[in-house]
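Have a look at the structure below before the remarks.
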2 protein chains.
Amino acid sequence: MTARFSRDALVRELRRRGIRVTAQRIAVAEAILGAAEHLTVQEIYRRVRQRFPHITVGTVYNTLEVLTASGLIQPLPFPGGTRYDTDPTPHLNVVCIRCGQVRDLPDDGGHLAGLAELARRRTGFQPLSQQAAIYALCPSCSPS
Amino acid sequence: MTARFSRDALVRELRRRGIRVTAQRIAVAEAILGAAEHLTVQEIYRRVRQRFPHITVGTVYNTLEVLTASGLIQPLPFPGGTRYDTDPTPHLNVVCIRCGQVRDLPDDGGHLAGLAELARRRTGFQPLSQQAAIYALCPSCSPS
DNA sequence: TTTCATGCAAAAGTTTTGCAACCCC
DNA sequence: GGGGTTGCAAAACTTTTGCATGAAA
């Protein structure tokens with residue numbers, strides 16, 4: 001996920017979503033949007049602190065909740081802590097259980113959409129978001 | 001998930017998997033296998049403590065890791081902590097993001113199998129297990 | 001008898017909370 | 001100016017670790 005917003009566009013996007021804009025919030029959003037992988041809260045915290053040495057984890061958590069509620073980012077419960085995703089299109093996370101690397105794949109077969117539809121039909125629940133992970137061994141971590 | 005093993009069968013199953021059998025491990029396994037829902041570690045701990053008041057969380061975590069490594073149970077990273085699943089067949093978790101209830105659905109359309117296959121083909125990773133969750137609002141929690 | 005699990009305790013890590021000062025709108 | 005946000009601090013909660021004792025094979 002490369003940066004999808006210029007600074008200005010990001011500010012506009014936040015305002016559009018009814019989020020009060022602060023420098024810290026911009027920094028948090030930029031950290032997530034500019035990352036190639038799904039960052040943990042600590043990783044986000046570390047990056048933002050380079051620009052705002054006085055920011056606290058509490059503020060980061062606060063901001064993550066606001067951004068999540070607005071739909072700009074999505075929390076992914078992972079072993080080892082919550083990570084944040086910015087890809088709004090449904091996709092698959094493939095996780096190596098040994099080295100921890102995560103690869104994203106688009107929902108090419110429409111399987112994720114199919115699962116959401118299945119859930120709606122069978123439970124009457126109203127699907128909002130989804131997460132799918134395959135836990136696997138990457139080639140380097142596979143027993144040769 | 002109702003209990004799938006008699007006490008004796010469970011002991012045999014643990015031995016078959018190369019797990020050293022202790023009374024505490026049986027209790028932990030029975031708690032998980034006998035539960036209808038996916039229990040958190042604290043819920044497991046609370047249940048087992050009724051039989052073994054001196055057991056510690058450390059032992060529960062230890063046991064969960066052993067049972068996971070053997071493939072008898074599967075950890076599910078959920079918002080709010082890890083839960084444990086005993087259903088070895090791939091299935092879908094539908095979670096109400098407000099009240100937290102979880103419903104399981106079988107992989108009727110073969111979507112989960114399709115995702116694992118997609119992951120294998122596209123990444124070369126060797127799929128071991130999987131998790132799919134739909135975050136949704138249940139009828140009672142839906143804004144009428 | 002040897003090896004490994006348990007219990008106890010402490011520590012590391014994650015997430016939440018309360019509140020006064022401050023900043024965005 | 002008003003109300004929401006920040007920083008600071010403490011606390012609650014989850015998970016990991018070290019070690020002496022005890023139990024399983």
Side-chain angles (χ1 to χ4, degrees), chain A residues 7-8 10-29 31 38-70 72-73 75-84 97 100, chain B residues 7-8 10-29 31 38-70 72-73 75-84 97 100:
Chain A
R7 173 82 49 112
D8 280 9
L10 176 57
V11 171
R12 259 180 274 121
E13 183 64 24
L14 294 176
R15 286 227 171 82
R16 199 179 64 72
R17 292 168 186 267
I19 297 174
R20 179 174 287 202
V21 176
T22 70
Q24 291 89 335
R25 286 180 171 182
I26 294 173
V28 169
H38 306 313
L39 303 181
T40 64
V41 177
Q42 290 303 319
E43 286 164 350
I44 296 166
Y45 178 45
R46 255 179 259 127
R47 295 188 185 200
V48 173
R49 215 171 15 171
Q50 296 180 356
R51 273 211 261 155
F52 295 89
H54 288 287
I55 200 174
T56 61
V57 220
T59 297
V60 173
Y61 274 98
N62 176 340
T63 301
L64 292 172
E65 193 172 320
V66 171
L67 297 179
T68 298
S70 84
L72 189 62
I73 62 177
L76 301 176
F78 264 73
T82 309
R83 292 174 177 270
Y84 284 85
I97 59 168
Chain B
R7 173 82 50 113
D8 279 9
L10 175 58
V11 171
R12 262 181 271 122
E13 184 62 25
L14 294 176
R15 287 229 170 82
R16 198 179 65 72
R17 292 168 185 267
I19 297 173
R20 179 175 287 203
V21 175
T22 69
Q24 291 88 337
R25 286 181 170 181
I26 295 174
V28 169
H38 306 313
L39 303 181
T40 64
V41 177
Q42 289 303 320
E43 286 163 349
I44 296 166
Y45 179 46
R46 255 179 261 127
R47 295 188 185 199
V48 173
R49 215 172 13 172
Q50 296 179 356
R51 274 212 262 155
F52 295 89
H54 288 285
I55 199 173
T56 60
V57 219
T59 297
V60 173
Y61 274 98
N62 175 343
T63 301
L64 292 172
E65 193 173 321
V66 170
L67 297 179
T68 298
S70 83
L72 188 62
I73 62 177
L76 300 177
F78 263 73
T82 309
R83 293 175 177 269
Y84 285 85
I97 60 169

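None of the values given here were measured: they were computed from a predicted structure. Chain letters run A, B, ... following the sequence lines, proteins first and then strands; every chain starts at 1. Every heavy atom of this structure was used, including side-chain atoms; hydrogens, water molecules and symmetry mates were not.
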Worksheet entry | Rounded distance [0.5 Å steps], CG in Leu64(A) versus OG1 in Thr59(A) | 10.5 Å

Worksheet entry | Nearest-nucleotide pick for Ile55(B), side chain only, options being dG7(D), dT15(C), dG7(C) | dG7(C)

Item to complete: Consider the side chain of Gln42(A), meaning its heavy atoms from C-beta on, and name the nucleotide among dT6(D), dT6(C), dT14(C) that approaches it most closely.
Response: dT14(C)

Worksheet item: Please walk me through it: do Phe78(B) and Thr40(B) pass side-chain contact (heavy atoms from CB on, under 4.5 Å)?
Response: CA-CA 9 Å; Phe78(B) 263 73; Thr40(B) 64; over 6 Å; no

Worksheet, complete the sentence: Judged by nearest nucleotide, the residue sitting upstream toward the 5' end of DNA chain C, Pro53(B) or Arg25(B), is Arg25(B)

Worksheet entry | Separation of atom OH in Tyr45(B) from atom C1' in dT14(D), rounded to whole Å | 13 Å

Worksheet item: So what does Val41(A) touch, heavy atoms closer than 4.0 Å: a base, only the sugar-phosphate, or nothing?
Response: sugar-phosphate

Fill in: Reported CG-to-CD1 distance for the pair Asp8(B) and Ile26(B), which is rounded to 0.5 angstrom
9.0 Å

Worksheet entry | Interatomic distance, Arg49(A) CZ vs dG7(D) P [rounded to whole Å] | 12 Å

Worksheet, complete the sentence: Between CZ of Phe78(B) and P of dT15(C) the distance, given in whole Å, is 16 Å

Item to complete: Output yes when Arg16(A) and Glu13(A) qualify as a salt bridge under the 4.0 Å nitrogen-oxygen rule, no when they do not.
Response: yes

Discussion item. Using only modelled atom types and a 3.5 angstrom limit, is any donor from either the side chain of Arg20(B) or the base of dT3(C) paired with an acceptor on the other?
Written reply: yes

Worksheet entry | Candidate nucleotides dT15(C), dT6(D), dA5(C), ranked by approach to the side chain of Thr59(A) - the nearest | dT6(D)

Practice prompt. Quickly work out the Arg83(A) CZ to dT15(C) C1' distance and round it to whole Å.
Written response: 16 Å

Worksheet entry | Phosphate OP1/OP2 of dG7(D): any Gln24(A) side-chain N/O under 4.0 Å | yes

Worksheet, complete the sentence: Considering only heavy side-chain atoms of Thr22(B), the closest of dA24(D), dG7(C), dC25(C) is dA24(D)

Fill in: Whole-Å distance separating the OH atom of Tyr61(B) from the P atom of dC13(D)
13 Å

Worksheet item: Nearest to the side chain of Asn62(B) - dG7(D), dA5(C), dC24(C)?
Response: dA5(C)

Worksheet, complete the sentence: On DNA chain C, more 5' by nearest nucleotide between Thr82(A) and Ala23(B) is Ala23(B)

Worksheet, complete the sentence: From CZ of Arg46(A) across to P of dT14(C) the rounded distance in Å is 9 Å

Discussion item. From C-beta outward on His54(A), which listed nucleotide comes closest to its side chain: dC8(D), dT16(D), dG7(C)?
Written reply: dC8(D)

Worksheet item: Is any side-chain heavy atom of Gln24(A) closer than 4.5 Å to a side-chain heavy atom of Thr56(A)?
Response: no

Worksheet item: dT6(D) P sits how many Å from Leu64(A) CG, rounded?
Response: 11 Å

Practice prompt. Give a yes or no on whether the backbone of Ser70(A) and the side-chain of Arg17(A) come within a donor-acceptor separation of less than 3.5 Å.
Written response: yes

Discussion item. Checking contacts here: which listed nucleotide (dT15(C), dT6(D), dA25(D)) is nearest the side-chain heavy atoms of Thr63(A)?
Written reply: dT6(D)

Fill in: Net bend of the helix from dT1(C)-dA25(D) to dC25(C)-dG1(D), end axes of five pairs each, nearest 10 degrees
50°

Worksheet item: Taking for each residue the nucleotide of DNA chain D bearing the nearest heavy atom, is the 5' side occupied by Gly81(B) or by Ile19(A)?
Response: Ile19(A)

Worksheet item: From dT14(D), dT5(D), dA25(D), pick the nucleotide closest to the side chain of Val21(B)?
Response: dA25(D)

Worksheet entry | Shortest non-hydrogen separation from Val60(B) to Tyr45(B) and the atoms involved | CG2-CD1, 3.9 Å

Fill in: Nearest listed nucleotide, side chain of Thr56(B), among dG7(C), dT5(D), dT15(D)
dG7(C)

Fill in: Value in whole Å for how far the C1' atom of dT14(D) lies from CD1 of Ile44(B)
13 Å

Worksheet item: Is the backbone of Val21(B) close enough, under 3.5 Å, to the side chain of Arg15(B) for a donor and an acceptor to pair up by distance?
Response: no

Item to complete: Look at Arg15(B) and dA25(D) and indicate whether a side-chain polar atom (N or O) is within less than 4.0 Å of OP1 or OP2.
Response: yes

Worksheet entry | Worked check of side-chain contact (heavy atoms from CB on, under 4.5 Å) between Val57(A) and Gln42(A) | CA-CA 8 Å; Val57(A) 220; Gln42(A) 290 303 319; 4.1 Å; yes

